[in-house]
Amino acid sequence: KRMFAEDVTGSIAWARALARGGVLPQAEVDGVIRALEEILARGESDPAFVNGDDEDIHSFVERQLVERVGDAGRRLHTGRSRNEQVSLDLRLYLMRRIPRLERAVADVVAAASPEPEADAEADVHAPEAATALDDAVDDQATAATDQADAEPEAAAVAADEEAADE
C-alpha cells in the first residue's frame, strides 16, 4: 500500500513510453493513462480503496486497470518485468521519502545538540575532559585500524603455515 502512488506513477510513465515507441496505439495508451489517473485519485482520496485479496500492490493496480479498460490494461506490462516494476516503484518511493527522513534526522540532531553558549561554557570549565574524550576517541580509532591491519597479516601467516604443512 505504501508504494501505491509510485506504482501508478511508474505505470503511467511506462504507458507513455510504449506509445512513444509505437508498441501500443496512442488512443489505447490515452485510455490507460486516464484510467490510471482515476485509480490514483481514488486511492489518494480514499485510502480504504487500496485494498483487496490481491497478491501485492502491482496486482491490485492491474486488476483495477483491467476492470476499467479491459485487455489494454494487461498490455501495459509489455516489455516490463515485475522486477523492473518493483525496482522503479522502490526508487520513486525512496525519492519521496528520503527528504522527509533527512528533515526528521536534522530535527533530532538539532534537538539533541547543546546550545552553542552551553558548549562554549563547558569547554571553559572542563577543557581537560574534552581533551580526554578526544584522546579516547583517537585511541579507539587507532586500535580499530591496527586490528583491521593485523587481520590480513594473520590470514596470510595461516595460509603460509597451511601450505608448508602440505
| remark: Heavy-atom closest pair (V29 atom, A19 atom, distance to 0.1 Å) is CG2-CB, 3.7 Å
| Hey, any chance F4 and Y93 share a hydrophobic cluster, counting ILVMFWY side chains that come within less than 4.5 Å of each other, even indirectly? | no
| request: Kindly give the heavy-atom pair with the smallest separation between N51 and R63, and that separation in Å. | output: O-NH2, 3.7 Å
| message | Taking I39 as the starting point, is it possible to reach V66 by hopping between hydrophobic residues whose side chains are less than 4.5 Å apart? | response | no
| request: Consider only side-chain heavy atoms of I, L, V, M, F, W and Y, link residues closer than 4.5 Å, and tell whether F60 and V86 are in one cluster. | output: no
| request: May I ask you to check whether over 12 heavy atoms, not counting those of R2, lie within 6.0 Å of atom CZ? | output: no
| task | Please name the residue in the list T9, V8, D7 that meets the side chain to side chain contact (heavy atoms under 4.5 Å, CB included) test with S11. | result | D7
| message | Rounded to the nearest 0.5 Å, what separates atom NE2 in H58 from atom CZ in R82? | response | 5.5 Å
| Do you know which two heavy atoms are closest between G10 and L92, and how far apart they sit? | N-CD1, 4.1 Å
| field | Same apolar cluster: L94 and M3, side chain cutoff 4.5 Å | value | yes
| said: Let me confirm one number: the CE-CG distance from M95 to L90, rounded to the nearest 0.5 Å. | reply: 12.0 Å
| Should we count CG of D46 as having more than 12 external heavy atoms under 6.0 Å? | yes
| task | Give, for atom CD1 of I33 and atom CD of E38, the distance between the pair rounded to the nearest 0.5 Å. | result | 12.5 Å
| Nearest 0.5 Å, what's the CD-CG distance between E28 and D71? | 9.0 Å
| Under 3.5 Å, is there a donor-acceptor pair linking the side chains of D89 and Q85? | no
| said: Under 4.5 Å between side-chain heavy atoms, counting indirect links through other Ile/Leu/Val/Met/Phe/Trp/Tyr residues: same cluster for L88 and L18 or not? | reply: no
| said: Checking L76 against L36 for the side chain to side chain contact (heavy atoms under 4.5 Å, CB included) test, could you report, in this order, the C-alpha distance in whole Å, the side-chain angles of both residues, the deciding distance, and whether it holds? | reply: CA-CA 11 Å; L76 176 63; L36 286 167; 4.2 Å; yes
| query | Any donor-acceptor pair under 3.5 Å linking the side chain of R16 with the backbone of I12? | reply | no
| Nearest heavy atoms of A35 and V69, plus distance in Å | CB-CG1, 3.7 Å
| said: Is there a side chain to side chain contact (heavy atoms under 4.5 Å, CB included) between S87 and E84? Walk through the geometry before answering. | reply: CA-CA 5 Å; S87 174; E84 191 281 328; 5.6 Å; no
| Carboxylate-amine/guanidinium proximity below 4.0 Å for E62 and R74 | no
